[in-house]
Amino acid sequence: MHHPQTTLHGAGVGLRRPLLAEMAAADALPVAFLEVAPENWIGIGGHQGRQLRALTERHPLICHGLSLSIGGSDPLDYAFLGRLKAFMAEHQVPLYSEHLSFCADQGHLYDLLPLPFTEQAVRHTAARIRAVQGYLDQPIAIENVSYYVQPPGEMDELAFLNAVVEEADCLLLFDVNNLYVNSQNHGYDPIAYLDGLPFDRIAYLHMAGHQVEPDGFIVDTHGATPVDPVWALLDETYARLGPLPTLLERDFNLPPLAELLGEVAQIRAHQSPYEELRHVHAG
Amino acid sequence: MSTPVDLHAYQRDFAAWLRRPQGAAPMALAGQRTDLYAELLRNNIEGLLARSFPVLQQCLGASAWRALVGDFFAEHPARTPYFPRLPAEFVDYLARGRGAREGDPGFLAELAHYEWMEVALAIAEEVAIPRGPGLHLAPHAWPFSYVWPVQCIGPEAQPTDPPAEPSHLLLYRDVRGQVHFLQLTAATARLLGWLAQYPGCSFEALVGGLAGALGASPQGLRPGVEATLVAFGARGIVLLPEGEPRG
């Protein structure tokens with residue numbers, strides 16, 4: 001079993017184009033690491049490419065993929081994986097994560113779609129994760145996604161997640177907001193889910209905001225600041241696991257950089273009471 | 001509990017429905033929030049394309065633009081995993097997959113191509129500068145000839161017929177990464193086309209080739225070609241050999 005080997009700790013933020021110029025111009029951002037979707041940056045040169053390089057020379061970068069369709073039926077895109085591997089080497093990226101979902105079928109759909117919670121999907125997806133890990137020659141982390149429909153399956157979400165990461169022998173990117181969104185939308189206890197996660201596989205955490213529809217249904221938009229119950233779930237996670245590296249995701253309605261960095265500081269503030277736990281875990 | 005779905009059949013059915021979400025949702029998802037996914041995907045695709053085609057969008061108007069993006073999503077199996085490259089798939093669809101359709105402006109495919117080239121050049125990766133003797137078109141100098149006057153088209157200027165003469169345009173990127181635009185004469189376009197076709201050619205070969213193509217004398221062309229090369233060399237559009245352009 002691969003243990004999370006990243007040297008990351010602290011709080012990071014997702015790098016988005018509207019903030020690129022401001023972030024690249026800053027001498028040193030008060031963030032422990034940055035994260036990008038490699039599909040937004042591979043093959044990008046010119047001014048933007050130089051700005052990215054300037055940032056990755058000063059801050060560790062992790063890759064959080066969107067297009068691999070790890071649970072999909074189309075063949076794995078090894079041309080993409082080859083360029084991903086080169087991109088990770090170029091920017092010294094220690095970790096690549098993807099979503100437990102599919103996003104293509106006879107062509108890309110450019111969004112994350114839910115897998116059925118079935119034995120067949122476990123076997124199929126785990127085999128593909130293993131193939132990717134073999135190709136990249138390192139473990140990858142798989143994220144629990146929010147889902148708004150659920151095709152008939154044999155197991156629940158938690159059993160499915162556990163079965164996939166166990167059979168794939170991969171890491172887990174635990175998205176705290178997605179747990180909240182799914183537990184609300186599908187009516188289950190988030191604490192019981194949290195207690196059922198494979199703790200020793202969790203590489204890092206995601207924090208994000210969401211949007212509540214008029215009928216109470218929650219959509220995982222990454223367009224707002226995280227809400228109090230999600231911060232509470234983050235505390236529950238830290239209490240069990242110590243202050244794992246945590247990334248703030250914000251994709252839409254981007255606030256001014258200072259405000260976003262304030263939210264990163266808020267993550268650090270939530271981490272600090274658990275710092276002693278980190279040393280216990282590390283020891 | 002109902003029978004578990006087959007993974008591959010479920011993905012095929014759901015993906016096919018998401019591309020054309022007008023009909024009934026797949027049986028496995030009946031009564032669920034499939035419309036939410038249809039809306040999320042559509043907004044996503046529109047968002048990815050809108051930034052690259054502002055003029056085209058304005059020319060078509062909101063509803064025709066939405067319909068066009070819907071057609072693209074329904075009909076074009078997009079292969080690129082890279083989000084910034086999705087506009088290239090759209091341009092390809094307009095130029096090849098879509099075919100001529102009633103209601104489409106004649107300039108549709110060319111305007112889309114031109115708008116995308118501006119973006120594509122701004123983000124193009126660095127390319128090793130060719131070295132050695134002879135003349136080269138710079139890697140980030142892209143000449144194009146369009147049937148339609150794409151550089152003049154806008155919501156208030158939408159030609160219904162192409163003009164008699166094509167538009168010869170050059171997009172180039174300077175050392176700071178800034179993209180510039182030049183309108184070329186037919187003769188200058190031919191000069192750049194020659195350099196693109198025969199990288200590393202000598203000054204004399206260029207003059208001779210152009211003279212043959214234009215039915216002019218090399219002596220008459222030489223001063224104009226030299227002046228053009230010096231001007232384009234200064235802007236980094238043409239890479240000159242060390243010293244004089246005559247090399």
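Every chain is numbered from 1 and lettered A, B, ... according to where its sequence line falls, protein lines coming before strand lines. Note that these values count all heavy atoms, side chains included, but never hydrogens, waters or copies made by symmetry.
With B:Y82 as the aromatic partner, A:R83 meets the cation-pi criteria of under 6.0 angstrom to the ring centre and within 45 degrees of the ring axis.
Between chain B and the residues A:P116, A:G65, A:G43, A:A79, the most heavy-atom pairs under 4.5 angstrom are made by A:G43. The residue among A:V219, A:L115, A:L109, A:I44 with the most heavy atom pairs within less than 4.5 Å of chain B is A:L109. Between chain A and the residues B:R79, B:E126, B:H140, B:H76, the most heavy-atom pairs under 4.5 angstrom are made by B:R79. With chain B as partner, the option from A:T221, A:V149, A:D111 having the largest number of non-hydrogen pairs under 4.5 angstrom is A:V149. Considering only heavy-atom pairs separated by less than 4.5 Å from chain A, the leading option among B:V179, B:L121, B:L40, B:V5 is B:V5. Taking B:A15, B:G177, B:G47, B:A78 one by one and counting their heavy-atom pairs under 4.5 Å with chain A, the maximum is reached by B:A78.
Ring planes of A:Y148 and B:Y37: tilted class, angle from 30 to 60°.
Minimum interatomic distance between B:F83 and A:S67 (heavy atoms only, all atoms of both residues): CE1-OG, 3.6 Å. When all heavy atoms of B:I123 and A:Q48 are compared, the pair lying nearest together is CG2-OE1, 4.1 Å. Counting all heavy atoms, side chain and backbone alike, A:S73 lies closest to B:Q11 at OG-OE1, 2.6 Å. Listed here is the closest heavy atom pair of B:V175 and A:R50: O-NH2, 3.8 Å. Nearest heavy-atom pair across B:D6 and A:Q120 is OD1-NE2, 3.0 Å. Contact between A:Y110 and B:T80 at its shortest, heavy atoms only, is OH-O, 2.7 Å.
The side-chain heavy atoms of B:R12 and A:Q106, taken from C-beta on, include a pair separated by under 4.5 Å. No side-chain heavy atom of B:F14 sits less than 4.5 Å from a side-chain heavy atom of A:D105. Side-chain atoms of A:P114 and B:Y10, non-hydrogen and from C-beta on, do get closer than 4.5 Å to each other.
For A:H108, the parts lying under 4.5 angstrom from a heavy atom of chain B are both the backbone and the side chain. Within the 4.5 angstrom heavy-atom criterion, no atom of A:R123 approaches chain B. Contact annotation for A:L84: neither backbone nor side-chain heavy atoms come within less than 4.5 Å of a heavy atom of chain B. In this structure, chain B has heavy atoms under 4.5 Å from both the backbone and the side chain of A:Y147.
When the shell of 6.0 Å around CZ of A:R128 is examined, it contains more than 12 heavy atoms from other residues, nucleotides or ligands. In the displayed structure, A:Q92 atom CD is contacted under 6.0 Å by at most 12 heavy atoms of other residues, nucleotides or ligands. Other residues, nucleotides and ligands place more than 12 heavy atoms under 6.0 Å from the OH atom of A:Y78.
Of the possible donor and acceptor atoms, one in the side chain of B:Q32 sits under 3.5 Å from a partner among the backbone N and O of A:Q150.
The pair B:R33-A:D215 meets the salt-bridge criterion, since a charged nitrogen lies less than 4.0 angstrom from a carboxylate oxygen.
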**Study point:** Step-by-step side chain to side chain contact (heavy atoms under 4.5 Å, CB included) determination, B:L41 to A:L113
**Key:** CA-CA 10 Å; B:L41 266 65; A:L113 300 166; 4.3 Å; yes
Practice item. Starting from the C-alpha separation in whole Å, work towards a yes-or-no answer on side chain to side chain contact (heavy atoms under 4.5 Å, CB included) for A:H124 and B:H8. Key: CA-CA 10 Å; A:H124 176 78; B:H8 308 294; 3.6 Å; yes
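Of the candidates A:L81, A:L68, A:D77, B:P81 forms a side chain to side chain contact (heavy atoms under 4.5 Å, CB included) with just one, namely A:D77.
Heavy-atom neighbours of chain A within the stretch residues 16-30 of chain B, taken at a separation under 4.5 angstrom, comprise B:L18, B:R19, B:A28, B:L29.
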